[in-house]
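Worksheet for the structure shown next.
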Amino acid sequence: MNLLTPITLGAVSLENRVLMAPLTRMRADNEGVPSPMAIEYYAQRASAGLIISEATQISELGKGYPATPGIYSEPQVEAWRKITDAVHAQGGKIFLQLWHVGRISHSSLHPNDGLPVAPSAIKPAGKVYTASWALAEYETPRSLSLDEIKQLRSEYVHAAKQAQLAGFDGVELHAANGYLLDQFLQDGTNQRTDQYGGSIENRCKLVLEILQDIIPIWGSGRVGIRLSPYGSFNDIADSDPQKLFSYLINALNTFNLSYLHLIEPRATTAGGSDQLLADAPRTGQLFRPLFAGKVVLAGGFDQAGAEKAIADGEADAIAFGRLFISNPDLPRRFELNAELNPYNRATFYGGNEKGYTDYPTL
Ligand code: FNR
């Protein structure tokens, strides 16, 4: 019963190792203000050792889907404050996931800023949701200038400060799943010829700079990072993921972070399919030995698989996504070996209370 034992991640002490994975639910308003329903939704799940919030955009251009929340405006902070207060009132802890989607977006989602931005002007394969929830072709993104990268760093700093005002316990830098920071890391999407492109050192530079920028705000023990080596979601690819992520994880060791959060690529399309890829590389096995701090693993875990990963030393804690959507009291159910509610994929994204706050507790 490792999962139900306490653990300390940096400066944050948790009652158990059953973490709630970041889960986009697309129920915020047009201004990126979380819905009042989110107060109950997160409070219901406060028994997680740690809740990692749904991905939350740091700026208007950081938005890539309709109805996702932000953290850059005052009304957004006020709404998040009610959520963190409700989680804390239930004895829970919650980090904010800092998000910029980069090219995984559509210009209709940021009418004042135009085209999505990216390290390089390379159009993703696949389809995108516009602001009116219609499926459209991706546009070719605009490549960020060096001045705009400076501006981007200041937006991460602003968002990290806003997260503090909103009462979070820490922040997780979203550098996974083919979004902006992952687009900088991987050479399928980063073909820059300046100091942010080319060599692995250059491609990792932006992620490391942003960590350097936000650690003084939060303290390193309240900053985590999420990576998805070998993931292919959002048309992301690298010519040598092992070398790239080994370099990056080694570099992360200098920061003394709260945790490193790795996604297992066997959970295809970042949780979009129920099928697990049996022959996918095992992130925990490959990269755990390289990291000096605490490792959180996610992706296709059930209780037994999670216990095994911790017992085998592949992870210190496990983040559960889809099971936490349908089981607000997941740690208690694990403790009692109770049956789990099945999740309903149709209500994952958008809509109302249905499939959001109405899953029963024991
Ligand atoms: C996700 N995932 C995800 N990841 C992330 O870093 N930020 C996010 O906002 C989201 N949003 C999201 C929404 C939904 C509905 C799903 C199903 C998934 C990925 C998620 O955190 C997790 O890595 C995967 O779901 C795999 O874990 P499970 O579901 O197999 O436990």
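One-based numbering, in listed order, for ligands and for the atoms of each.
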| message | Just so I know, are the side chains of Trp99 and Glu54 near enough to count as touching, which here means a heavy-atom distance under 4.5 Å? | response | no

| Between Met20, Gln97, His174, Arg322, which one has a non-hydrogen atom sitting closest to atom 29 (O) of ligand 1? | Arg322

| field | Protein heavy atom at shortest distance from atom 9 (O) of ligand 1 | value | Thr24 OG1, 2.7 Å

| remark: Of Tyr349, Phe301, Phe320, Phe233, the residue with the heavy atom nearest atom 15 (C) of ligand 1 is Tyr349

| Quick one: does Ala176 get within less than 4.0 Å of ligand 1, heavy atoms only? | no

| task | Check whether the ring centres of Phe245 and Tyr230 lie less than 6.0 Å apart, and answer yes or no. | result | no

| request: Kindly work out whether a path of hydrophobic side-chain contacts (I/L/V/M/F/W/Y, heavy atoms less than 4.5 Å apart) joins Ile325 to Ile52. | output: no

| message | Can you see whether Tyr349 has Arg25 sitting over its ring - NZ or CZ less than 6.0 Å from the centre and within 45° of the normal? | response | no

| In terms of atom number and element, which parts of ligand 1 are under 4.0 angstrom from non-hydrogen atoms of Asn177? | 4 (N), 5 (C), 6 (O)

| task | Write out the residue and atom name of the closest protein heavy atom to atom 6 (O) of ligand 1, then the distance separating them to 0.1 Å. | result | Arg226 NH1, 2.7 Å

| Whether over 12 other heavy atoms sit under 6.0 Å from Glu201 CD | yes

| message | Which of the numbered atoms in ligand 1 are under 4.0 angstrom from any heavy atom belonging to Phe348? | response | 15 (C), 17 (C)

| query | Backbone, side chain, both or neither: what part of Leu323 comes under 4.0 angstrom of ligand 1, heavy atoms only? | reply | neither

